[in-house]
Amino acid sequence: MSQADQPLVVRPILATERARFDETLEANHWLGARLVGETMRYVAVEDGEWAALVGFGSAALCVRSREEPFRWSDSQRYRRLRYLTNNQRFCILDAHRRPNLASQVLSLTLKQLSADFEARWGHPVVAVETFTDPARHLGACYKAANFALVGYTSGYGRRAGRFVRHGDQKAYWLRALRRDATRLLSLPFDHPVIAERKLMRAADINRLDLSGLLDAFGKVPDPRARRGVHHRVAQILSIATLATLRGATSLVAIGEVASSLPEEALSRLDCFYSPSLSRRVAPEESTIRRVLRLLDADEVDRIVCAWTRDQVVSGRLSPNEAPEVSFTTMIEEDDDDGSEELLPVVAIDHKTLRGARLEENRQVHLLSAHELRSGATVAQSSVDQKTNEITVAAPMLEPLDLAGVVVTADAMQRELACFLVEKKHA
């Protein structure tokens with residue numbers, strides 16, 4: 001069978017192929033195998049063998065050539081960057097090099113990229129960006145795949161969360177995945193195509209007592225040795241929380257938000273004051289990454305969920321149009337119209353945390369209790385995939401005042417039902 005009779009196939013890698021993908025890319029690409037942010041990895045297969053590797057990750061935070069046509073504000077940038085993806089790696093393996101292969105691989109990849117992103121990360125992408133080094137290649141394959149050369153970088157790169165001048169200008173290419181991509185990304189409001197997809201109504205952040213949460217972070221034990229510590233756990237968790245509220249979805253993005261915080265914000269967060277610089281400084285990405293990995297996640301969960309429960313009880317986490325009610329409000333008759341107020345409901349559910357990995361590439365599984373009136377998580381605990389959730393649910397629910405609360409769970413067993421009814425009076 002001729003080569004023309006054997007079509008080129010491009011597909012996302014399988015979970016079992018991750019190690020091979022990284023090893024092959026590390027051996028054949030001058031930048032190595034590291035991808036950052038919301039990633040997608042593809043392999044091109046020809047004649048039953050791997051012919052090319054393609055990797056995508058989060059878009060660059062700031063690119064002058066891109067900012068000019070979009071004219072984003074800071075808030076728009078953080079919301080809309082996730083709908084752009086960066087082709088961070090593209091490698092044609094030497095044994096399979098032939099004319100037009102690179103542009104064919106790109107074309108086949110881009111046809112499925114947005115749908116694959118939505119399936120994995122919960123949102124589509126409407127455009128793809130990439131950088132090329134003019135000293136190494138001209139980007140002919142990108143031009144053949146309908147990428148537009150938008151401009152050149154100013155010769156700066158990010159090192160440890162800060163911009164450092166290296167002097168090597170890169171060409172910036174942009175490829176729309178739909179005809180109206182530029183318009184969607186440039187609108188003053190968020191078009192429904194790129195609007196956040198929410199399963200429930202969000203709480204009004206302006207009504208929350210966030211200072212109480214920041215105080216609660218001070219109770220989280222610091223696993224580091226005391227000597228030489230400049231940035232406290234409370235400040236690091238506070239910055240991570242603010243970055244998440246601004247739309248950060250990775251440690252890299254959290255570090256970028258931290259580096260952009262103004263002096264006033266750092267002062268209000270009581271961040272470290274540097275005598276040599278005569279100003280307050282934010283923790284670098286490496287510090288944030290190290291501390292968050294060292295912290296006891298279950299302890300942080302316990303403290304945050306306790307704060308969340310206080311917000312629910314006070315009514316500050318209730319939807320704006322709903323009445324402010326106690327977490328334990330029973331059915332009450334309305335004297336005016338005889339209507340009944342519904343009992344509060346807590347739902348227990350087991351979810352797999354997207355994008356997180358433990359040792360040996362194991363996924364993170366969480367058992368959570370959600371207060372349905374507000375959508376708030378009021379208790380949470382990590383569980384092994386094969387662990388019986390019933391053994392975890394009772395200790396997780398022990399701190400909650402569930403008197404008069406309806407509790408729902410999948411396949412609830414007798415032991416848990418007895419615990420809820422007889423001990424917690426649910």
Side-chain angles (χ1 to χ4, degrees), residues 15 122 198-203 212-213 216-217 219-221 223 295-319 322-333 340-426:
K198 297 187 183 296
L199 298 180
M200 58 184 66
R201 289 172 295 186
L213 178 60
F217 285 149
K219 302 176 183 178
V220 177
L295 292 180
D296 184 340
D298 288 333
E299 179 66 11
V300 176
D301 251 347
R302 183 189 66 79
I303 292 173
V304 172
C305 286
W307 173 83
T308 304
R309 291 196 297 272
D310 290 341
Q311 300 295 307
V312 173
V313 170
S314 66
R316 286 189 292 266
L317 266 178
S318 299
E324 295 188 358
V325 297
S326 170
F327 190 44
T328 57
T329 299
M330 298 290 289
I331 291 181
E332 297 178 353
E333 295 292 337
E340 293 182 336
E341 183 179 352
L342 295 178
L343 284 167
V345 179
V346 169
I348 306 172
D349 199 9
H350 174 247
K351 299 295 183 183
T352 299
L353 193 60
R354 184 176 64 194
R357 290 290 186 273
L358 298 172
E359 298 81 4
E360 300 177 355
N361 204 34
R362 293 184 294 115
Q363 290 182 297
V364 179
H365 304 280
L366 299 175
L367 183 65
S368 303
H370 302 276
E371 201 277 323
L372 295 191
R373 192 184 295 272
S374 64
T377 299
V378 293
Q380 188 166 261
S381 179
S382 60
V383 296
D384 186 83
Q385 186 176 16
K386 298 180 180 179
T387 297
N388 188 345
E389 296 178 7
I390 304 302
T391 62
V392 179
M396 180 186 73
L397 297 174
E398 180 64 40
L400 302 185
D401 180 5
L402 295 175
V405 176
V406 175
V407 180
T408 67
D410 293 337
M412 186 181 292
Q413 295 185 4
R414 180 180 178 84
E415 293 83 354
L416 179 57
C418 290
F419 165 80
L420 291 169
V421 174
E422 297 174 0
K423 185 174 182 179
K424 305 300 291 182
H425 307 292

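Just so it is clear, the values below take in all heavy atoms, side chains as well, and ignore hydrogens, waters and symmetry mates.
Considering all non-hydrogen atoms of both residues, Leu416 and Ala394 come closest at CD1-N, 4.3 Å. Shortest non-hydrogen contact noted between Ser382 and Leu366 is CA-CD2, 3.9 Å. Nearest approach of Ser368 to Thr377, heavy atoms of both residues: CB-CG2, 4.3 Å.
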Identify every side-chain donor-acceptor pair in residues 419-426 under 3.5 Å, counting partners at least two apart or on other chains, and give the distances.
from: Lys423; atom 1: NZ; to: Glu398; atom 2: OE1; distance (Å): 3.4
from: Lys424; atom 1: NZ; to: Glu398; atom 2: O; distance (Å): 2.7
from: Lys424; atom 1: NZ; to: Leu400; atom 2: O; distance (Å): 2.7

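Looking at heavy atoms from C-beta onward, Leu397 lies in side-chain contact with Ile348 at the 4.5 angstrom threshold. No side-chain heavy atom of Val378 sits under 4.5 Å from any side-chain heavy atom of Cys305.
Remark: Val220 pairs with Val233, Leu237, Leu295, Val300, Ile303 by the side-chain contact (heavy atoms from CB on, under 4.5 Å) rule, at least two apart or across chains. By the side-chain contact (heavy atoms from CB on, under 4.5 Å) test, Ala306 pairs with Arg309, sequence neighbours left out. A search for side chain to side chain donor-acceptor pair (under 3.5 Å) contacts involving Ser381 returns nothing, not counting sequence neighbours.
Sorted by first and then second residue, the salt bridge (Lys or Arg N to Asp or Glu O under 4.0 Å) pairs involving residues 296-308 (not counting sequence neighbours) are Glu299-Arg302.
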